[in-house]
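As the structure lists them, so they are numbered: ligands from 1, and atoms in each ligand from 1.
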Amino acid sequence: MEKAKYIWMDREMVEWDKAQVHILTHTLHYGNGVFEGTRAYQTNNGLAIFKLDEHLKRLYNSAKIVAIKPNISYDEVRNAHIDLLKINAFKGNVYLRPLIYLGYGVMGVHHVKAPVHTAIAAWEWGAYLGEDGLENGIKVKTSSIIRNSIKSNFGKAKAVANYLNSQMAKYEALECGYEEALLMDENGFVAEGSGECIFIVRDNKLISPPNDNSLESITQATIFELANDFGIEVIRRNITRDEIYIADEAFFTGTAAEVTPINSLDNRTIGHGKRGEITQKLQQAYFDVVFGKNEKYKKYLTYIT
Ligand SMILES: Cc1ncc(COP(=O)(O)O)c(C=O)c1O
């Protein structure tokens with residue numbers, strides 16, 4: 001990770017190396033916190049944050065779900081994203097990580113008296129699953145770990161605690177020589193990747209599972225709009241892992257992963273084992289949108305001027 005100059009912490013611009021917390025930070029011990037992963041791209045008109053309000057809405061919704069009362073308003077945190085990008089004067093594309101967390105003050109599981117803090121870090125970051133992955137696709141493994149159960153976790157929240165599940169799935173996949181994990185839900189249907197939603201293509205139709213067992217993905221929503229522009233039919237229904245084996249194409253979507261083709265699942269080659277035609281079309285269209293090359297979707301960009 002490339003260090004930047006400043007991290008925003010509770011209204012202060014703090015030097016990167018000084019952005020520290022106490023060891024008794026509540027979130028560190030009991031795992032209640034919420035965050036976002038947002039990207040900003042270098043467009044022809046300078047750096048622009050993609051879908052800032054969509055990410056902020058999800059951040060504040062996540063806090064509501066896990067019963068954390070944010071200490072700073074939506075508008076202030078929105079402005080802080082912009083100020084942080086300005087002060088750091090980034091030259092490349094940027095990843096932003098806002099985090100609402102519980103700090104030092106009380107110990108014990110009952111969290112409501114713990115002080116709430118908000119921080120935003122930003123740094124220059126390339127392709128999450130590698131440049132080669134964007135072009136040639138990645139090898140994916142069905143995880144032995146199922147997605148967090150909706151009976152005991154909150155899948156609509158981008159909650160810190162949910163990521164133990166993702167972390168263990170990712171660890172297993174990488175240790176086994178794959179590049180990403182695909183998690184099933186507790187009924188055996190496909191849920192999502194460790195940090196991505198999934199799409200398959202069958203007979204020129206796009207299929208993506210409902211968000212019952214996955215995050216309501218902001219990138220997935222963008223792909224639906226783009227597919228609609230191309231006249232590609234989109235179907236939301238459950239899929240099974242063997243349907244992915246026999247799909248014509250498959251790809252992951254996520255703010256970090258962008259649009260990453262999947263070339264195999266559990267050693268079964270998907271389609272021709274390369275980035276498929278529809279995947280490539282949607283990937284190109286996605287990059288056109290985030291880089292401000294599609295007039296229709298400039299509404300999703302917040303320019304840092
Ligand atoms: C578990 C999980 N699913 C899906 C996604 C994709 O969501 P988005 O497209 O909003 O980044 C992410 C990334 O944020 C994630 O962590």
contact_flag Arg58 ligand 1 heavy-atom lt 4.0 Å: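 True for this residue.
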
Any Lys158 heavy atom less than 4.0 Å from ligand 1: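 Right, Lys158 reaches ligand 1.
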
For Tyr6, does the OH atom have more than 12 heavy-atom neighbours from other residues, nucleotides or ligands under 6.0 Å away?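 No - once you tally the heavy atoms of other residues, nucleotides and ligands closer than 6.0 Å, there are 12 at most.
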
With only distance considered, is Gly193 within less than 3.5 Å of ligand 1 through an N or O on each side? no

N or O pair under 3.5 Å between Thr219 and ligand 1: yes

Nearest heavy-atom neighbours spanning Ile244 and Ala250: CG2-CB, 4.3 Å

Side-chain donor-acceptor pair under 3.5 Å between Lys51 and Thr222, yes or no?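 The answer is yes; a qualifying pair exists.
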
Would Glu295 and Lys298 satisfy salt bridge (Lys or Arg N to Asp or Glu O under 4.0 Å), going step by step from the backbone distance to the final call? CA-CA 5 Å; Glu295 277 306 316; Lys298 280 196 173 164; 2.9 Å; yes

As a check for students: among Glu196, Gln220, Lys51, Arg147, identify the option with a heavy atom nearest to atom 1 (C) of ligand 1. Arg147

Proximal atoms of ligand 1 relative to Leu215 (non-hydrogen, under 4.0 Å):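 In order of number, 3 (N), 4 (C), 5 (C), 7 (O), 12 (C), 14 (O), 15 (C).
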
Protein contact to [atom] [nearest heavy atom, distance to 0.1 Å]:
atom                    : value
atom 11 (O) of ligand 1 : Thr255 OG1, 2.6 Å
atom 4 (C) of ligand 1  : Glu192 OE1, 3.3 Å
atom 5 (C) of ligand 1  : Gly195 O, 3.5 Å
atom 16 (O) of ligand 1 : Tyr163 OH, 2.4 Å

Is the gap between the ring centers of Phe35 and Tyr163 under 6.0 Å?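 They qualify: ring centres under 6.0 Å apart.
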
For the residue pair Tyr286 and Tyr297, is the inter-centroid distance of their aromatic rings smaller than 6.0 Å?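 Not under 6.0 Å, so no.
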
Quick look: Ser194 vs ligand 1, heavy-atom contacts under 4.0 Å, and the answer is backbone

